[in-house]
2 protein chains.
Amino acid sequence: MLRLSKLTDYAVVVLVRLSGMEGMQTSPGIAAATGIPEPTVAKVLKTLAAGDLVSSQRGARGGYRLNRELSAIPIADVIAAVDGPIALTACVDGSTSECESRGLCPMRGRWDPVNDAIHSALSRITLADMQAAPLPALRMPSPVMAAARVVLQSAAE
Amino acid sequence: MLRLSKLTDYAVVVLVRLSGMEGMQTSPGIAAATGIPEPTVAKVLKTLAAGDLVSSQRGARGGYRLNRELSAIPIADVIAAVDGPIALTACVDGSTSECESRGLCPMRGRWDPVNDAIHSALSRITLADMQAAPLPALRMPSPVMAAARVVLQSAAE
DNA sequence: GGTTATCCGGACTGGGGTAGTCCTGATTGA
DNA sequence: TCAATCAGGACTACCCCAGTCCGGATAACC
């Protein structure tokens, strides 16, 4: 199974939460709203700020806010900010360390097309594509929406 | 960084090696040819046999052989055989365990489009695409091939 | 039928990486 | 000046993977 760090999952949750509210939001506030432990939220936000996805404001009444809309944030950017460059193996992510069986390995560099394919796939999906009506305080204006929610529910379980 | 288990990388090397030789091959033989430790090769081969990518033959003069040609093996199959189902997060891989912040998490099931995109990207790339002329005993029939090798070399480093 | 070569399945362990916490300092507004 | 908040780093505990090892089963050869 391809594994994504849990922090990336948290990052998506946090970013969606940020987009849902006006103005600045503090990490304790986001933690309370999402159920993610506060120190972890702070860690994620700091990482996202370093990746230029959010801006921070220090001091009293400070907090974080989104730099771009969700639809302008491909999931690849989030993964890159939290987990580093997108690559499947250590062999091909630009590391300079030598592979132990370098002289015999017939696969050197061959993962590149795979990495490219994944990167382009992830670049085409934005957070807006992943976003849906927030589950808490859900409004159901129509039976269609209710049906949609059932589908989403079962897909998630 | 998306991480692929090292075993998957080994699996690709082993499968390419299997395709390069006629008849049965033993795990010690493959280990010697690839530089991968013998117990690890055996482990990979057992996993691949369970995934129906290779067939095994017990007893003296036994060994392993490919079930299909490289061009008929998408990399997605290899990953699925070695690492399990292709999914980015534990949330969406069919596990029955509950997410700790289930009621608040707005992302339940939202990774599905991402997983689908990655899966389809990986299904389009076969081992034949990743294979190239084996580096040991390399033949260079034309300057074009020599130039190609330089490109592959630099891409791998 | 015995011997040899090989695969099979599981258990075990050490190391690396991640998640999560904590602390100290810097910045800003009241 | 004080309180609220972010910044940056260090630290620890835990989990998972990589790699090894062992006893057993199977098949070919002599």
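Note on naming: letters A, B, ... go to the chains in the order of the sequence lines (proteins, then strands), and numbering restarts at 1 for each one.
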Fill in: Distance, rounded to the nearest Å, where A/R65 contributes CZ and D/dT5 contributes P
16 Å
Worksheet item: Under a 4.5 Å cut-off applied to non-hydrogen side-chain atoms, are B/D83 and B/V78 in contact?
Response: no
Worksheet entry | Out of C/dT21, D/dG19, C/dA19, whichever nucleotide has its closest atom nearest the side chain of A/L7 | C/dA19
Fill in: Check ion pair A/R68-A/D77 (N to O, under 4.0 angstrom)
yes
Worksheet item: Between A/K43 and B/K43, who's closer to the 5' end of DNA chain C by nearest nucleotide?
Response: B/K43
Worksheet item: Are B/S5 and D/dA18 close enough that a side-chain N or O sits under 4.0 Å from OP1 or OP2?
Response: yes
Discussion item. Just N and O in the side chain of A/S27: are any of them under 4.0 Å from OP1 or OP2 of D/dT5?
Written reply: no
Worksheet item: B/D83 has an atom CG; how far is it from atom C1' of D/dC17, in whole Å?
Response: 10 Å
Worksheet item: Within this structure, what is the NZ-to-C1' distance between A/K6 and C/dT21, rounded to whole angstrom?
Response: 15 Å
Discussion item. Which heavy atom of A/P74 sits nearest to which heavy atom of A/L122, and what is that distance?
Written reply: CB-O, 4.0 Å
Worksheet item: Over how many whole Å does the gap from B/I30 atom CD1 to C/dT6 atom P extend?
Response: 12 Å
Worksheet item: Do B/S123 and B/S120 have a side chain donor and acceptor closer than 3.5 Å?
Response: no
Fill in: Rounded interatomic separation in angstrom, taking CG from A/L18 and P from D/dC6
11 Å
Worksheet item: Please give, in whole Å, the distance from C/dC22 P to A/E38 CD?
Response: 11 Å
Item to complete: Would you please confirm or rule out a distance under 4.0 Å between OP1 or OP2 of D/dC6 and any side-chain N or O of A/T26?
Response: no
Fill in: Interatomic distance, B/Q25 CD vs C/dC7 P [rounded to whole Å]
11 Å
Discussion item. Just N and O in the side chain of A/Y10: are any of them under 4.0 Å from OP1 or OP2 of C/dA19?
Written reply: no
Check the interface with nucleotides 24-30 of chain D: list each N/O to N/O pair with the protein under 3.5 Å, or write none.
residue: D/dT26; atom: O4'; partner: B/R58; partner atom: NH1; Å: 2.8

Fill in: Phosphate OP1/OP2 of D/dT20: any B/T40 side-chain N/O under 4.0 Å
yes
Worksheet item: Distance check: side-chain N/O of A/Y64 vs OP1/OP2 of D/dT5, anything under 4.0 Å?
Response: no
Practice prompt. Give me the one residue out of A/I75, A/V82, A/I73, A/V44 that meets side-chain contact (heavy atoms from CB on, under 4.5 Å) with A/V12.
Written response: A/I75
Worksheet entry | Rounded distance (nearest 0.5 Å) linking atom CD1 of B/I30 with atom OG1 of B/T40 | 13.0 Å
Response to the item:
Among C/dT6, C/dG20, C/dG9, the one nearest any side-chain atom of B/K46 is C/dG9
Item to complete: Could you tell me whether the side chains of A/S19 and A/E69 share a donor-acceptor contact shorter than 3.5 Å?
Response: no
